[in-house]
Structure formats: structure tokens, C-alpha cells
Amino acid sequence: MSDNSSFVLRGGIAFSESINNIVTYYRGYLVCVDGICQGAFSELPEKYKDLPLYDYGERLIIPGMTDLHVHAPQYTFRGIGMDCELLEWLNTYTFPEEAKYQDIVYARKAYSFFTYDLMRCFTTRAVVFGTLHHEATLELMNQLEETGLITYVGKVNMDRNGGEHLQEADAKASLEATVKWLDTIKGKFQNTMPILTPRFIPSCSDELMKGLGQLSKEKGLRIQSHLSENLSEVAWVKELVPQSSCYANAYELFDTMGTPECPTIMAHCVHSDEMEMDILKKHGAFIAHCADSNMNLTSGIAPIKKFIDAGVNIGLGTDVAAGSSMNMLKTMLITLQASKMYYRLVDQSVKPLTFEEVFYLATAGGGKYFGQVGTFKPGYDFDAVVIDDSKMFTMRDMSIRERIERMCYNDADAIIKDKYVKGKKMFSSMVV
Ligand SMILES: [Zn+2]
């Protein structure tokens, strides 16, 4: 019980006990043994008294956050082209940029910016899109492995509609490249796992989609993709897969919607109706809700409260570069604001999300995709972020609950001091 992933942290602790309840401790104790959380306490239990204790004083300690949807190769052009909608933005900005990752020198440099910044934000787990390129995706995985973060990374599949420079020759070539990538990384990484990544149905022929569904089954590999983000995209999928009853059903027809044991992540679901909601639930799929991205590309507002009430798995995604920042606090804030506008402008029978719900989605909701992750209950992986909010001056006596809410609304003044992933400290008193 004395290795360096066994210790006690002391500070202002906050975590979700359920989607409607945040538990807090002022100057409480948080115990980690062999990378696993043993719980939070007001008084330190006798049996943990010999563990090293790190006292963070008045600082806040919250669970690490999970970014369920982020595109690594888009990071360096975030914040550009935001007057476009999805399909124009992909063709004008995204595809030409991703084509550059054919060049490993370019990829290495660009990915170093991505991984450096991902290390220094509130995220401890992420599910990441690469590009379709073999070498560049290996480079991305190598760099992420070195960070200590725990991630899934996908080599993207595209055999149509990517233009001359961002497209694999055909389904066979795309599937062979995927198998080659999987063979190359076998046994190579501890914290960086592969995930099958058909970009979306317009980018992948029927044959390729079926092949990926088969590969997922054969190798027990998870899948990530996009679903019902934009109305033109939804109409296009209906043309491409006319036998489907809806976009989600098209994925079902290709056997790529996964199972509760091997869940698929679908980003967006802005225009998903009851039928799609039922399909997502039936398969145990996770929705990556990307409110910042959905605002920027004028896609719409996903009815997240309805999905929560229906019991669908949900986490948050930054969706850089359609989302403009990897800061999960900013993503939480936009999620809250978007749900308030959905209630006011779209459907007053759907109540706005509460802060409790959004804090849960950013931590335990997305964390569930990785197993026992995203809260400080006993038995969960010890992922934690230590935050200094002392620059947010106030005349009030603030509770821990109030401090984490205002931190979300004033993210620029929340300074990360330390970060732990499965009990491993990533930096020594990092300064961002
Ligand atoms: Zn995306």
C-alpha cells in the first residue's frame, strides 16, 4: 500500500453521486490505493493514516473529465471557417487540412501541439479521431501514450466523397489499411487503444461499412462515428442508404451500431428523433454531445434532456475543430446555455439541464465509456484534477458547490495545479 499510486489528497472535494447530486467535502480526504479510489471522507479512516498525504489547502479536487469526441488533426485550425455549415466546412477547411497528414513531418509537429494542450486541460480520458493515414496515426498514438492520458484513437476510414487527396482507393484498400494498422500496434501501448472510425456514412461505401462491422465483431473492437449532425447530411444519408428507416438504422444495417458490451460512440445526434433514440438505447451506444460544435456550424441543439430521461448513455465532446476549444469547462457552459435556449425557443416541455446534470455528463457520464471512471466513489479509477480558483475574487463565503459552478461560468480563472490519471500524477504542480 505504499507505492507511488497510493496516497491521500486533501482539499475541497466535489464529485457526482448520481446525475442529480453532487457530493462535496470542505477540506476532505480523498484516498487512492494502487490507482483506485477508496472514497472521500470528512475524517481520514485509521487504516489509511500511513499513506503519504498531499494537502492542497483551499484548492478544489474534482474527477478528471472525459472528452468523448475530438479530432486531433483539426486542432491547429480551430476557430477558422466558422461561418460555414457542416458539409461546406468539411470540403473547404477540414479535408484539405487532413490531407496534409500524409506528410509525417507535418503530422508530428501538428500532433505535438494537440497532445501538449490535451495534457494541460481538464481532460484525463479522450476518444480521438486521427486521419486515414497509417504513419500519422501511429505518431499520434505514440505521442498520446507518452502523456499518461488514457485514450481511444481511430485511424479514419473514407473511400468516397473525400476529394482527390483524402480518400482511400476502395473498400478493400481501406479495410486492408485498417488491419495493417491494427497489426502494427498490437501489444504496443498500455493507455492508447484502437477504435474503428468510419468518418460518417457519406464518407464510406456500403461495402466498407459492412467490412468494418464485421471487423468489429471479429476482433471485439469498438466503433466511433457521427450521427444526425446537420439536416443536409441527414437528407444525404437517406439518398445514399434508401432502404434505411433513419440515419441510425443505416448504421444498424451495416452492423456498426455496437452492443452494450462493445458500445459505439455517435457524435452529435442533434436531429435524432424517438426512433433514433430507441436504436441508440437498444445498442447501449453513447452519444457524444458537442454543443460548442453544434452552435458554431449552425447545426442545431440536441435535445439532451430527452435522451437523459430515456436512459441513453451520454457524455460531452469538444469536437475540435468544429468546437473551438478542448476546455471541458467551456463545453459544460455551452451545454448549459444551449439547453436553456432549447427550452426557451424550441420546446418548453423540455426543462433546461441543471448544473448537476452537466457536471455529471462531463465526468461520470463520459467516464462510463471507460468503465468505472469519472467519480470518487470507492472502486473507481483515480482520475482527478486539482484546481486553484483563488483568482476568482469574491465577497461571499462560497460553498464548494458554488465554487465549481462559478468555475464553469468563469473558466479562464480556474488554474489547473495537478492532474492524476489512474493514480499517476501527470505533472509536479503544473502551471498553465
Ligand atoms: Zn466530429
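Note that the structure is a prediction, hence the values are computed from the model and not measured.
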Within the side chain of [X], is there an N or O that forms a donor-acceptor pair under 3.5 Å with the backbone of [Y]?
| X | Y | answer |
| --- | --- | --- |
| Lys281 | Val312 | no |
| Thr318 | Met326 | no |
| Glu402 | Ser399 | yes |
| Glu357 | Ile19 | no |
| Glu276 | Cys269 | no |
| Asp117 | Arg120 | no |
| Tyr101 | Pro73 | yes |
| Gln167 | Met158 | no |
| Gln224 | Val128 | yes |
| Glu233 | Glu229 | yes |

Quiz item: Hey, do the aromatic rings of Tyr420 and Phe7 have their centres closer than 6.0 Å?
Solution: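 Yes, the ring centres sit under 6.0 Å apart.
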Quiz item: Is the Phe200-Tyr251 ring centre distance short of 6.0 angstrom?
Solution: no
With a cut-off of 6.0 Å (strictly less than), are more than 12 heavy atoms of other residues, nucleotides or ligands near [atom1] of [X]?
| X | atom1 | answer |
| --- | --- | --- |
| Asp413 | CG | yes |
| Lys422 | NZ | no |
| Gln348 | CD | yes |
| Glu146 | CD | no |
| Asp83 | CG | no |
| Tyr116 | OH | no |
| Lys49 | NZ | yes |

Distance in Å, [X] [atom1] paired with [Y] [atom2], rounded so as to fall on 0.5 Å steps:
| X | Y | atom1 | atom2 | value |
| --- | --- | --- | --- | --- |
| Leu336 | Leu353 | CG | CG | 6.5 Å |
| Arg222 | Cys262 | CZ | SG | 6.5 Å |
| Leu297 | Glu88 | CG | CD | 10.0 Å |
| Tyr152 | Leu68 | OH | CG | 11.0 Å |
| Met407 | Glu405 | CE | CD | 10.5 Å |
| Leu44 | Phe41 | CG | CZ | 8.0 Å |

Can you give each donor-acceptor pair under 3.5 Å made by side-chain atoms of residues 366-378, sequence neighbours left out, with the distance rounded to 0.1 Å?
unit_1	atom_1	unit_2	atom_2	d
Lys368	NZ	Asn313	OD1	2.8
Thr375	OG1	Ser16	O	2.7
Lys377	NZ	Glu17	O	3.0

Exercise. Could you list all the side-chain hydrogen bond (donor to acceptor under 3.5 Å, both in side chains) pairs where at least one residue sits in residues 328-337, not counting sequence neighbours?
Key: Ser324-Lys330
In the structure I gave you, are the side-chain heavy atoms of [X] and [Y] within less than 4.5 Å of one another anywhere?
| X | Y | answer |
| --- | --- | --- |
| Leu138 | Ile185 | yes |
| Leu196 | Thr178 | yes |
| Lys219 | Leu182 | yes |
| Asn21 | Glu356 | no |

Non-hydrogen atoms of [X] and [Y] that approach each other most closely:
| X | Y | answer |
| --- | --- | --- |
| Glu58 | Arg27 | OE2-CD, 4.1 Å |
| Gly258 | Thr264 | N-OG1, 3.3 Å |
| Val156 | Glu168 | O-OE1, 4.0 Å |

Exercise. Report the residue from Asp418, Val386, Leu30, Leu9 that forms a side chain to side chain contact (heavy atoms under 4.5 Å, CB included) with Tyr54.
Key: Leu9
Practice problem: For His289 and His69, run side-chain hydrogen bond (donor to acceptor under 3.5 Å, both in side chains): C-alpha distance rounded to whole Å, both residues' side-chain angles, the deciding distance at 0.1 Å, then the answer. | Solution: CA-CA 8 Å; His289 174 46; His69 186 68; over 6 Å; no
Quiz item: Ser18 and Asn20: side-chain donor and acceptor closer than 3.5 Å?
Solution: no
Practice problem: State, without any angle test, whether Ser325 and Asn327 hold a side-chain donor-acceptor pair at a distance under 3.5 Å. | Solution: no
Quiz item: For Tyr343, which residues count as a side-chain hydrogen bond (donor to acceptor under 3.5 Å, both in side chains) partner, sequence neighbours excluded?
Solution: none
Exercise. Would you check, one step at a time, whether the test side-chain contact (heavy atoms from CB on, under 4.5 Å) holds for His268 with Asn294?
Key: CA-CA 8 Å; His268 306 301; Asn294 298 155; 3.0 Å; yes
Exercise. Determine the sole option in Asp67, Thr151, Asp383, Asn191 for which the side chain to side chain donor-acceptor pair (under 3.5 Å) test with Arg125 is passed.
Key: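 The single option meeting the side chain to side chain donor-acceptor pair (under 3.5 Å) with Arg125 is Asp383.
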Quiz item: So His71 and Phe129, would you call those rings parallel, tilted or perpendicular, with 30° and 60° as cut-offs?
Solution: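 Aromatic pair His71/Phe129 classed tilted.
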